[in-house]
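Okay, structure first, notes after.
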Number of protein chains: 2
Amino acid sequence: MSDTTYTIKQIADIAGVTTRTIRYYDQIDLLKPADIRVNGYRYYDRSSLLRLQQIMFFRELDLPLEDIRSIVNRPDFDLIDALKKHRITLQKQQTRLQRLLRTLDQTIDSLTGTGEMSEKDYFAGFDQSQYEEEVRARWGNTYQTTQSQQKWASYSPQQQEEIKAQSGQLIMRMVGSDPSASPEDAAIQQAVGEYFDYLNRYFYTCDLEFFRGLADMWVSDPRFAVNYERVRPGGAAFVREAVHHYCDTH
Amino acid sequence: MSDTTYTIKQIADIAGVTTRTIRYYDQIDLLKPADIRVNGYRYYDRSSLLRLQQIMFFRELDLPLEDIRSIVNRPDFDLIDALKKHRITLQKQQTRLQRLLRTLDQTIDSLTGTGEMSEKDYFAGFDQSQYEEEVRARWGNTYQTTQSQQKWASYSPQQQEEIKAQSGQLIMRMVGSDPSASPEDAAIQQAVGEYFDYLNRYFYTCDLEFFRGLADMWVSDPRFAVNYERVRPGGAAFVREAVHHYCDTH
DNA sequence: CTTGACATTAACGTTACGTTAAGGTGTAAG
DNA sequence: CTTACACCTTAACGTAACGTTAATGTCAAG
């Protein structure tokens, strides 16, 4: 029976990690050497290797080392429960990542210009936004889900083109071109007022509070935000401030 | 025109972060105060707020602050390219997370005992393992993908039951019950040898090198690993060492 | 005996802040 | 005018899991 012993580098290479990792595991009492000789060298044996391989398995699952220590130290540890809890953590991460990827794709699309959002999508966005729940919670039934879409569909193609052009011009004016301008400047506020009227005329029956909420959404939902960011960096936040000021003073 | 200024707490509350965050952003030159008065207090203005909101947008996308600094500092920064690269990072994370979740589910299932892997799945696992590519790369066509499945299907239900029972007993014997035992102990090696014969008789035509590779897979693929872990923590790694020793000495 | 690969400890760097600690400032109420 | 109390400041340590030097000691081979 060969009494297999490993130096720190040997066991590290087998496990596919660096010697620093092995020393660190020693330091935090996760994997102690089987033997330390007079020269101060760490020596490991077969059971060390088995233990290390167990550690690697759980590490691959992104479990924190402290949890792993509990798992490998105490045989009576409730492993199943720990794994289930960990599963929930990973699940949340995944859900968040999916959301981020959607947001990112939309942002890239809009910045690239290829996926320019049509007016139809634009207003459909209001209705089917990922923030719909939030909007509903705030305004309840005063806000008709399909109101804007129905209204939009009732226009002739020609009318739709005209309305789109108006929207584009108003947005440009609301964002402005001067980075040093203030959202409270008269010209900006004028444009905001016109946009408010524009919304009421062609899409919603919307009061000032609802208008304010929309502006918040334009910032937090990238599908809208990019329309302003494209005009000027920081454009979305700028318009939000402008709308807030408008609502404060009317 | 109200010259809006904010104290550090005010701007932090608006952005939904702590004052520590704002101070940190000052420290790393990401967001400098608009003004520092004689009392040493930081004061921010509207443009600070807009900039901060831009920062928050990109932070939400998990972009590192250093990248964000480049984005908000230099208007000529290639934002689209940066976002596309970032997308790849997130995509990789997501793919990995999906894999981890699968592994975790399988591990939990097996530990719970509800999802006990049937023999059919067990050997189907060999064929359709996520490591199939790896296995193929190592043994090429000497390994017939469907060989084990066909062989298994050719047995009568009664025969299958007997074979399953044999497998269970052999696994128990290979893993052993003594945590201080060595994989090289005679009893263990005897069981390993019987398992090798068992595989050859009922499933594969498999040589020692292939047997060694299988043992590696039992450790790295949790669907197999848990069968050994259930017998005893560290069981999978133990069996691998035992099989390796067996192959070394035959 | 030298060379080169390997071993050791110590200590700082990483990311994006959280968390004290010790003390200064602003403002409103008594 | 004092006293609360909320707010501000800097400084410094803590986090997770190592990576990366730096300075130094040890072992095996030629």
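Lettering of chains follows the sequences in order, A, B, ..., and the numbering in each one begins at 1.
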Checklist entry - Phosphate oxygens OP1/OP2 of C/dC17: is one of them under 4.0 Å from a side-chain N or O of B/T18? => result no

Item to check | Phosphate contact (C/dG24 OP1 or OP2) by B/Y41 side-chain N/O below 4.0 Å | outcome: no

Checklist entry - Does any donor-acceptor pair link the side chain of B/R23 with the base of D/dT9 at a separation under 3.5 Å? => result no

Next on the checklist: Tell me the interatomic distance from A/D13, atom CG, to C/dA5, atom C1', rounded to whole angstroms.
Outcome noted: 13 Å

Next on the checklist: Between A/R69 and D/dA16, is there a contact of a side-chain N or O with OP1 or OP2 at under 4.0 Å?
Outcome noted: no

Checklist entry - Looking at OH of A/Y6 and CG of A/D13, how far apart are the two atoms once the value is rounded to the nearest 0.5 Å? => result 12.5 Å

Checklist entry - So which heavy atom on A/P33 is nearest to which on A/R42, and how close? => result CG-CG, 3.6 Å

Next on the checklist: Within the 4.5 Å heavy-atom criterion, are B/Y25 and B/L65 side-chain neighbours or not?
Outcome noted: yes

Checklist entry - Starting at the 5' end of DNA chain C and moving along, which residue's nearest nucleotide shows up first, B/P64 or B/Y43? => result B/P64

Checklist entry - Rounded to whole angstroms, how far apart are CD1 on B/I22 and P on C/dA16? => result 15 Å

Checklist entry - Between D/dT9, C/dA16, C/dA7, which nucleotide has the shortest distance from any of its atoms to the side chain of A/K9? => result C/dA7

Next on the checklist: What I'd like to find out is whether the side chain of B/T89 reaches to under 4.5 Å of the side chain of B/D62, using heavy atoms alone.
Outcome noted: no

Item to check | Pair B/D67, B/S70: side-chain N/O donor-acceptor within cut-off below 3.5 Å | outcome: no

Next on the checklist: Over all strands shown, is B/Y25 touching base, sugar-phosphate only, or nothing at heavy-atom distances under 4.0 angstrom?
Outcome noted: sugar-phosphate

Item to check | Integer-rounded Å distance: C/dA7 P and A/I11 CD1 | outcome: 12 Å

Next on the checklist: If you only use heavy atoms from C-beta on, which nucleotide in D/dG19, C/dA7, C/dA16 is closest to the side chain of A/R20?
Outcome noted: D/dG19

Checklist entry - CD of B/E66 versus C1' of C/dT15: gap in Å, rounded? => result 11 Å

Item to check | Protein-nucleotide distance (B/D67, atom CG; C/dT15, atom C1'), rounded to Å | outcome: 13 Å

Checklist entry - Side chain of B/Y24, base of C/dG18: donor and acceptor closer than 3.5 Å? => result no

Checklist entry - D/dA17, C/dA7, C/dT25: which one has an atom nearest the side-chain heavy atoms of B/N39? => result C/dT25

Checklist entry - Any donor-acceptor pair under 3.5 Å between the side chain of A/R42 and the base of C/dT8? => result no

Checklist entry - Which whole-number value in Å describes the distance from B/I28 CD1 to C/dT14 P? => result 12 Å

Checklist entry - Hey, does the side chain of B/T19 come within less than 4.0 Å of D/dC8's phosphate (OP1/OP2), counting only N and O? => result no

Checklist entry - Rounding to a whole Å, what distance do you find between A/Q27:CD and D/dG19:P? => result 13 Å

Next on the checklist: When you compare the side chain of A/I188 with that of A/F238, does any pair of heavy atoms fall below 4.5 Å?
Outcome noted: yes

Checklist entry - For B/R37, which contact category applies under a 4.0 Å heavy-atom criterion: base, sugar-phosphate, or nothing? => result nothing

Checklist outcome for this item: Testing C/dA7, C/dC17, C/dG26 for proximity to the side chain of B/T21, the answer is C/dC17

Next on the checklist: Distance check needed: C/dA7 P versus A/D26 CG, whole Å only.
Outcome noted: 14 Å

Next on the checklist: So if I take every side-chain heavy atom of A/I8 and compare against C/dG18, C/dT8, D/dT10, which nucleotide ends up nearest?
Outcome noted: C/dT8

